[in-house]
There are 2 protein chains.
Amino acid sequence: MTKSLPIGELARKSEVNIETIRFYEKQGILPDPARTESGRRIYDQDDVKRLSFIHRCRGLGFSLKEIESLLSLVDDGDYTCKEVREITASHAQDVKQKISALRKMESVLDAMVERCGKGDVPECPIIEELFGS
Amino acid sequence: MTKSLPIGELARKSEVNIETIRFYEKQGILPDPARTESGRRIYDQDDVKRLSFIHRCRGLGFSLKEIESLLSLVDDGDYTCKEVREITASHAQDVKQKISALRKMESVLDAMVERCGKGDVPECPIIEELFGS
DNA sequence: CCTTGAATCTGTAGTTACTACAGGATACAC
DNA sequence: GTGTATCCTGTAGTAACTACAGATTCAAGG
């Protein structure tokens, strides 16, 4: 049996603040939770996972719509195999591009830290190095 | 000598739409451009690079404030070496975390595509696999 | 030249994804 | 049984766009 938790604890554990949780519920990205007698929301461990997932995805530049589309793969099997494959492949493509851009940025930033560490003053043509022609 | 371009061409080349360019200008993240006699904005190749950079950073989940902080490293050398190092290192840390999260997501998505490809129906505990305890 | 359509201008209003109250009810600790 | 911490609904504000409206300007064809 999983321990149930109030909204405040869910907020703390998932690092999403309370008003955002209620906002996600209104948007339908989080299911309507069970309530206590007095009307307070009750969550469980699965909600912590789902919400953490949403939170991280947002931090990675996915829109709520994209996240919904990812979550829909989990939520119900109302998709044909082909649809799942298409949706998933497209997200995977997107993720690969993000990774590649971040890798470039990482190497430039690391190089900058390195140079700064040596007391070198960088005039840093960072944009050039990252995304230059 | 660099070719100058109107806002429409800048928009096309940087994949940022026109109103967003003007919005960035108002926010001070893009410098006020030169103008023609009649008041039209004139840009050059550097603006294309800067704007593309901003665009990609946005897609990677950086806020405009964070992007400004990154760009400030390029814009002027009004920083001590220590400051540059600190700002840069903190961004680098951030980037590494994003990469690691995206790698996890990539491997799960790839695995899903693989399984779907074989006609297998996935009940996909994707959240679990990605960010499960 | 003159017109006509595409591109640009400023300014305002709408959208997405939060975030921050206000004002009130409930829980829980002493 | 009285604080005070947490929760409730609802509304308003913020960040980062996005989409017009209404006017001007440029550039190409007749």
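To find a chain, count down the sequence lines: A is the first, B the second, and so on, and within it residues start at 1. Nothing here was measured: the structure is a model prediction, and the numbers come from that model.
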Do R50(A) and S14(A) have side chains that approach each other closer than 4.5 Å (heavy atoms only, starting at C-beta)? no
What's the CZ-C1' distance between R35(A) and dA25(C), to the nearest Å? 13 Å
Starting from P on dC17(D), measure out to CD1 on I54(B) and report it in whole angstrom. 9 Å
Using heavy atoms and a sub-4.0 Å distance, could you list which residues of residues 19-30 of chain A are near DNA chain C? By number, please. E19(A), T20(A), F23(A), Y24(A)
Run the salt-bridge test on E9(B) and K3(B) with the 4.0 Å N-O cut-off and return the result as yes or no. yes
Under a 4.5 Å cut-off applied to non-hydrogen side-chain atoms, are L5(A) and V48(A) in contact? yes
Donor-acceptor pair, side chain of K98(B) and main chain of G59(A), under 3.5 angstrom: yes
Of the listed nucleotides (dC7(D), dA16(D), dT8(C)), which one gets closest to any side-chain atom of S63(B)? dA16(D)
Measure NZ/K65(B) against C1'/dT19(C) and give the value in whole Å, please. 13 Å
So how far is it from C57(A) SG to I67(A) CD1, rounded to the nearest 0.5 Å? 5.0 Å
I need the full list of side-chain hydrogen bond (donor to acceptor under 3.5 Å, both in side chains) pairs touching residues 19-31 of chain A, with sequence neighbours left out, sorted by first then second residue. N17(A)-T20(A), E25(A)-R41(A)
When rounded to whole Å, the CD1 to P distance for the pair I18(B) and dA6(C) reads 14 Å
Could you say whether G39(B) or R58(B) is positioned toward the 5' end of DNA chain D, judged by the nucleotide with the nearest heavy atom to each? R58(B)
What about R41(B), does its side chain sit under 3.5 Å from the base of dT8(C) through a donor-acceptor pair? no
Side-chain contact, heavy-atom cut-off 4.5 Å: R40(B) with R35(B)? no
By the 4.0 Å heavy-atom rule, please label T36(A) as base, sugar-phosphate, or nothing. nothing
Taking atom C1' of dC18(C) as reference, at what distance in whole Å does atom CG of L64(B) sit? 15 Å
E66(A) CD - dT16(C) P separation (whole Å): 14 Å
Ranking dT8(C), dA27(C), dC9(C) by distance to the side chain of S38(A), first place goes to dA27(C)
Just how far, in rounded Å, is C1' of dA17(C) from CD of E68(A)? 13 Å
No-H, no-angle donor-acceptor pair, R40(B) side chain to dA7(C) base, under 3.5 Å: yes
Let me know the distance between CD of E37(A) and C1' of dT26(C), rounded to the nearest Å. 13 Å
